[in-house]
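Here is the structure we will look at, set down as structure tokens.
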Amino acid sequence: MRKPDGKIVLLGDVNVGKTSLLQRYMERRFPDAVSTVGGAFYLKAWRSLHLSLWDTAGREQFHGLGSMYCRGAAAVILTYDVNHRQSLVELEDRFLGLTDTASKDCLFAIVGNKVDLVEERVVASREKDQPLPRAASTRPGASPRQPKQARLEDAVALYKKILKYKMLDEKDAPAAEQMCFETSAKTGYNVDFLFESVFDMVVPRILQQRAAGPPQTVDLTSSKPDALPRSGCCA
Ligand SMILES: Nc1nc2c(ncn2[C@@H]2O[C@H](COP(=O)(O)OP(=O)(O)OP(=O)(O)O)[C@@H](O)[C@H]2O)c(=O)[nH]1
Ligand SMILES: [Mg+2]
């Protein structure tokens, strides 16, 4: 198996839909996902590269593994549930610190999932993968819709905080509006757009890093002998 050229990691609280988003994108289906244990990954060929897409567990007991999965990540997709405000708060309180091990020019995307459950959705008119069913809330057995608890503006504010936390200048990073998404793994709404926007932003960065070569290291063997400190006893 070819070694992946870059890693993209999904992080977020339990039940927000990380596994469902990956399954929707990679397998084009929405099975009833089981809560993730540890982590798992998919491989995705994009342009000339192979990217690994890591699913992580939101459950508290696996929290410690998060920073290990993030090590060297080229992008992190921070996921919350638009119907649970606390899941957005948790991204800042509990998950952001796990990304300290990511690559130094790691990209951050923030994703509010489960918009299909929101009453009177107000979503920026982005590409739609599938239209929402019109009267889902009235169908027998359908989940009742509810007012949105976490708005896109809240995600944008978090994105700006992340740039500060990472000590990045807003003008050197992609704009918040480009990096904050709302999705539904259930209907497929915006799911391709989310992943493929992230891939398109990450690939040039990986290629740039490659072109710059490996990190500079000091080669002690090439130092001139007279530059080395002299020792009285062996001169
Ligand atoms: N209505 C709706 N339900 C969703 C959506 N995405 C996921 N779900 C449901 O939410 C539940 C949790 O989804 P998962 O994908 O397992 O969530 P997770 O973030 O991977 O959870 P952990 O693995 O425990 O961290 C499942 O019952 C899914 O079917 C969505 O977009 N809309
Ligand atoms: Mg999961």
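Just so it is clear, the values below take in all heavy atoms, side chains as well, and ignore hydrogens, waters and symmetry mates. Here the structure is a predicted model, which means the values were calculated and not measured. Position 1 is the first residue of the sequence, and the numbers go up from there. Order of listing sets the numbers, starting from 1, for every ligand and every atom in it.
- For S184 and D116, the side-chain atoms include at least one donor-acceptor pair closer than 3.5 Å.
- Ligand 1 does not have G12 within reach: every non-hydrogen atom of the residue lies 4.0 Å or more from it.
- Numbered from 1 in the order shown, with element, the atoms of ligand 1 that lie under 4.0 Å from a heavy atom of D32 read 26 (C), 27 (O), 29 (O).
- Closest to atom 8 (N) of ligand 1 by heavy atom, among K114, R24, R59, E182, is K114.
- The existence of a salt bridge linking R28 and D192 is confirmed by a sub-4.0 Å separation between a basic side-chain nitrogen and an acidic carboxylate oxygen.
- In this comparison of S20, G112, S35, S87, the heavy atom closest to atom 24 (O) of ligand 1 sits on S35.
- In this structure, E196 contributes its side chain and L194 its backbone to no donor-acceptor pair below 3.5 Å.
- Between the side chains of T56 and W54, no donor-acceptor pair is found at a separation under 3.5 Å.
- The distance from ligand 1 to the heavy atoms of T36 drops below 4.0 Å at these ligand atoms: 22 (P), 23 (O), 24 (O).
- The atoms of ligand 1 that sit less than 4.0 Å from any heavy atom of N113 are 5 (C), 6 (N), 30 (C), 31 (O).
- Side chains of D81 and S87: no donor on one and acceptor on the other come within 3.5 Å.
- The Mg ion (ligand 2) has T19 OG1, T36 OG1 as its protein N, O or S neighbours under 2.8 Å.
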Scan the side chains in residues 62-69 for donor-acceptor partners under 3.5 Å anywhere in the protein, sequence neighbours excluded, and list what turns up.
{"unit_1": "H63", "atom_1": "ND1", "unit_2": "R94", "atom_2": "NH1", "d": "3.4"}
{"unit_1": "H63", "atom_1": "NE2", "unit_2": "R94", "atom_2": "O", "d": "3.1"}
{"unit_1": "Y69", "atom_1": "OH", "unit_2": "G39", "atom_2": "N", "d": "3.1"}

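- Within ligand 1, counting atoms from 1 as listed, the ones closer than 4.0 Å to a heavy atom of A185 are 6 (N), 30 (C), 31 (O).
- Looking at ligand 1, you won't find any N or O of V14 less than 3.5 Å from one of its N or O atoms.
- In this view, E92 and K161 satisfy the salt bridge (charged side-chain N to carboxylate O under 4.0 Å, His left out) rule, not counting sequence neighbours.
- In this structure, the separation between CD1 on I162 and CZ on F108 is 6.5 Å, given to the nearest 0.5 Å.
- Using a cutoff of 4.0 Å between basic side-chain nitrogens and carboxylate oxygens, K114 and E182 are not scored as salt-bridged.
- For ligand 1, the atoms sitting less than 4.0 Å from at least one non-hydrogen atom of A57 are 25 (O), numbered in the order shown with element in parentheses.
- No single ILVMFWY cluster, assembled from side-chain heavy atoms under 4.5 Å apart, contains both F95 and V14.
- Residue contacts with ligand 1: T19 is placed with a nitrogen or oxygen under 3.5 Å of a nitrogen or oxygen of the ligand (distance criterion only).
- Looking only at atom types and distance, the side chain of N113 has a donor-acceptor partner in the side chain of T183 under 3.5 Å away.
- For the 3.5 Å distance criterion, the side chains of K7 and S103 fail to qualify, holding no donor opposite an acceptor.
- Every N/O-N/O distance between L117 and ligand 1 stays at or above 3.5 Å.
- A search for salt bridge (charged side-chain N to carboxylate O under 4.0 Å, His left out) contacts involving D93 returns nothing, not counting sequence neighbours.
- Using a 4.0 Å heavy-atom cutoff, Y189 is absent from the residues neighbouring ligand 1.
- For the pair V16 and ligand 1, the shortest N or O to N or O distance falls below 3.5 Å.
- Of the N or O atoms in D116, one or more lie within a sub-3.5 Å distance of an N or O in ligand 1.
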